[in-house]
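Since we're looking at a predicted model, the values are computed, not measured.
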Amino acid sequence: MTEDTVFADATQMGGTGEVMIELDGVVKRFGSFTALDGVDLNIAKQEVVVVIGPSGSGKSTMIRCINRLEEHDEGRIVVDGVELTRDLRNIQEIRRETGMVFQQFNLFPHLSVLDNVTLAPRQVRRTSRKDADAAGMELLERVRIPDQARKYPGQLSGGQQQRVAIARALAMRPKVMLFDEPTSALDPEMINEVLDVMKDLTTLGMTMIVVTHEMGFAREVADRVVFMADGQIVEVGTPQHFFEDPREDRTKLFLSQIL
Amino acid sequence: MTLPTVVAESMLIPPPEPPRPPAAGPGDWVRRNLFRSPADGVVTVVAAVVVGYVLFRLARYVLVTGRWDIVRVNLKLFMVGRYPPDQLWRIAVALAAIALYGGLIAGFVRRRQDDAQAAGDAPPAPVWWRQVLELLARLWPLVIGVALLLSLTTSTGPSVIALAVVAAAVVGRLAGSRLPRRATAVLVVVGIAGAVALVWFLTRPVGWDDWGGLMLNLFLATAGIALCFPLGVLLALGRRSKLPLIRAVCIGYIELFRGVPLYVLLLLSAIALGFFVPSWLEPPGLVVRAIVVFTLFTAAYVAEIVRGGLQSLPRGQIEAGQALGLSPTRVTFLIVLPQALRNVIPALVGQFISLFKDTTLAGAAMGFLELSEVSDVANAQDAFSGQRLAAETLPFVMLLFWVGCITMSRESQRLERKLGVGYR
């Protein structure tokens with residue numbers, strides 16, 4: 001096996017080598033538009049994968065299929081040994097194992113910051129309020145805003161809101177974190193505080209898939225970078241390979257446009 | 001070439017406004033706002049004459065020419081219809097119980113708010129007498145209405161009852177703030193059970209079909225509101241269901257009841273309900289029929305209002321709940337509904353106010369002795385017949401409704417502000 005094939009084959013993994021997420025020929029259509037056109041990708045436990053590509057390339061659709069916010073039309077998706085089917089119990093189980101952070105934060109505006117974080121543990125895991133509050137405060141400390149616990153999301157800055165959203169996703173103790181352009185809706189001065197929290201997570205061994213346009217972040221923390229275009233994975237490789245020696249013309253074109 | 005410069009400057013930079021002369025007293029204010037030009041002066045004078053004349057006639061009518069003795073004599077009829085006089089203590093007890101419960105809720109809610117704010121940096125609650133003043137200012141229409149009613153009474157009984165009711169509310173308020181934080185579920189159960197018990201208690205001497213006056217209007221409206229709200233929410237959710245059958249049933253229901261007049265429904269239920277009730281079952285009484293009609297009718301409107309609220313919610317809210325692994329039911333009741341309902345409070349309360357006023361239609365359609373019928377009955381009495389005193393009784397009825405509606409409206413605005421804390 002040459003170095004070339006390692007990087008070109010999307011199913012090859014970094015990280016621990018133990019598979020956490022398996023996408024196998026995944027196809028997703030919206031009407032006549034094919035958003036995902038046969039995506040194969042394996043992601044290992046504790047691996048950090050950054051997905052980049054032009055808008056409309058299917059990056060968001062791919063990670064939204066992984067926790068079934070979108071239903072894929074063909075192919076197989078397996079998360080931690082559980083295959084996603086129409087069975088609602090399977091879907092719920094996978095959603096409990098995967099935390100998601102959205103571009104628009106999507107915090108619950110009618111709940112306090114702490115209640116945003118503790119809602120799911122209390123309701124789904126049946127944690128007592130006392131334990132959930134304690135765990136929630138711990139998470140808020142990890143994202144560096146414990147002093148905002150009693151406030152409401154509308155009273156926070158965008159960067160703070162996104163950090164609360166990360167804490168909320170972590171509260172279910174997920175094995176995988178999905179980030180859907182987490183810094184795209186932020187003012188420039190707030191991007192770093194969110195990226196710093198995300199970097200922290202990588203040191204804890206969290207499996208992460210990050211859709212982002214932050215190339216610095218990709219270069220620094222990604223185990224692998226996935227480049228998508230037109231619903232397909234065009235190229236996969238280490239950041240070093242990817243930014244310094246891309247193979248595919250489309251990758252080169254994209255990088256020349258954004259760097 | 002200095003001229004162009006001057007022109008350009010005057011175009012770009014508006015000349016600084018002459019500093020407003022310091023307020024030179026009321027005369028100056030009148031000159032500036034009412035008599036700035038001759039035309040202004042004419043308008044001011046004409047408007048003042050018209051308004052002054054109307055106010056004068058109104059005051060003369062209320063204070064001098066109006067024959068309010070018809071209201072004074074029939075005050076009990078207006079309030080409680082033909083409820084047996086020796087059983088009126090039951091109503092007093094009921095009012096006190098309601099006030100006690102209201103006070104409990106108020107105290108409980110206040111305590112929880114104070115707890116939540118203690119962790120933040122909000123100012124502490126004001127001292128008790130300020131809170132009383134604020135409450136009076138908040139409920140001024142109700143306070144004035146009750147004071148007016150008490151001024152019309154000839155005995156001391158009603159004043160004693162009013163004092164007892166206020167005392168019950170105070171006791172409830174103080175006790176409520178000492179309840180444990182987790183008493184919400186208990187309070188809800190006590191409220192529902194208490195409501196049922198109260199109705200049972202009040203129907204001991206006379207069944208509700210023989211109730212009358214303001215009491216009947218309030219009972220019909222309260223029962224209708226309490227029942228139509230959950231039904232309407234369910235219909236709104238059903239209309240968005242993924243199951244075609246449920247969706248079709250809900251749409252059919254909503255469009256049917258929105259498409260027919262309430263008055264006709266009331267008339268029909270008074271006559272035709274017997275066709276649907278099996279012969280071995282005693283057909284329900286008129287009040288039950290009226291409540292059923294009000295509930296079914298208003299629920300259709302509530303459903304459409306709530307649907308609007310559901311649609312106003314960004315899709316990301318639902319996705320965030322789903323992504324956390326919350327079940328569809330939990331997403332609906334913990335995330336979607338709280339926000340959707342808050343967004344439609346004004347429209348919902350508008351519908352409830354409308355229902356309260358429409359209780360007068362039940363009198364006309366079914367012959368209840370509710371407020372507007374009491375007006376007719378009073379005018380048919382020997383002492384007052386043929387004297388066209390509806391000009392006194394109907395404004396009185398209007399005043400009672402207005403006090404109820406304005407109170408609902410003001411309280412809903414307050415609720416909206418409270419729930420809006422820290423919103424987007």
J.: Answer yes or no: is there a side-chain heavy-atom contact under 4.5 Å between A/Arg129 and B/Arg182?
T.: yes

J.: Does any backbone or side-chain atom of A/Arg68 lie under 4.5 Å from a heavy atom of chain B? Answer side chain, backbone, both or neither.
T.: neither

J.: Let's test your reading of the structure: which of A/Gln123, A/Gln148, A/Arg96 forms the most heavy-atom pairs below 4.5 Å with chain B?
T.: A/Gln123

J.: For A/Phe108 and B/Ala320, work out which heavy atoms get closest and say how close.
T.: CE2-CB, 3.9 Å

J.: For the atom pair NE2 (A/His110) and CG (B/Leu419), what is the distance rounded to the nearest 0.5 Å?
T.: 11.0 Å

J.: Can you confirm whether B/Leu326 sits close enough to A/Val124 that some side-chain heavy atom of one is under 4.5 Å from a side-chain heavy atom of the other?
T.: yes

J.: Would you check, one step at a time, whether the test side chain to side chain contact (heavy atoms under 4.5 Å, CB included) holds for A/Leu119 with B/Ile335?
T.: CA-CA 10 Å; A/Leu119 179 73; B/Ile335 294 167; 4.2 Å; yes

J.: Under a 4.5 Å heavy-atom cut-off, does chain B meet the side chain of A/Gln104, its backbone, both or neither?
T.: neither

J.: Can you name the closest pair of heavy atoms from A/Pro109 and B/Gln339 and give their distance?
T.: CG-OE1, 3.1 Å

J.: When rounded to the nearest 0.5 angstrom, what distance separates OG in B/Ser327 from CZ in A/Arg95?
T.: 10.5 Å

J.: First locate atom CD of A/Gln92, then atom CD of B/Gln322, and finally report the distance between them rounded to the nearest 0.5 Å.
T.: 8.5 Å

J.: Would the distance check show the side chain of A/Asn106 and the main-chain N or O of B/Gln317 forming a donor-acceptor pair, the cut-off being under 3.5 Å?
T.: no

J.: Counting only heavy atoms not in B/Arg138, do more than 12 sit closer than 6.0 Å to its CZ atom?
T.: yes

J.: Taking all non-hydrogen atoms of both residues, which atom of A/Ala120 and which atom of B/Leu324 are closest, and how far apart?
T.: CB-CB, 3.9 Å

J.: Would you mind checking which part of A/Arg64 comes under 4.5 Å of any heavy atom in chain B, side chain (CB onward), backbone (N, CA, C, O), both or neither?
T.: side chain

J.: Of the backbone (N, CA, C, O) and the side chain (C-beta and beyond), which part of B/Leu334 lies under 4.5 Å from a heavy atom of chain A, both, or neither?
T.: both

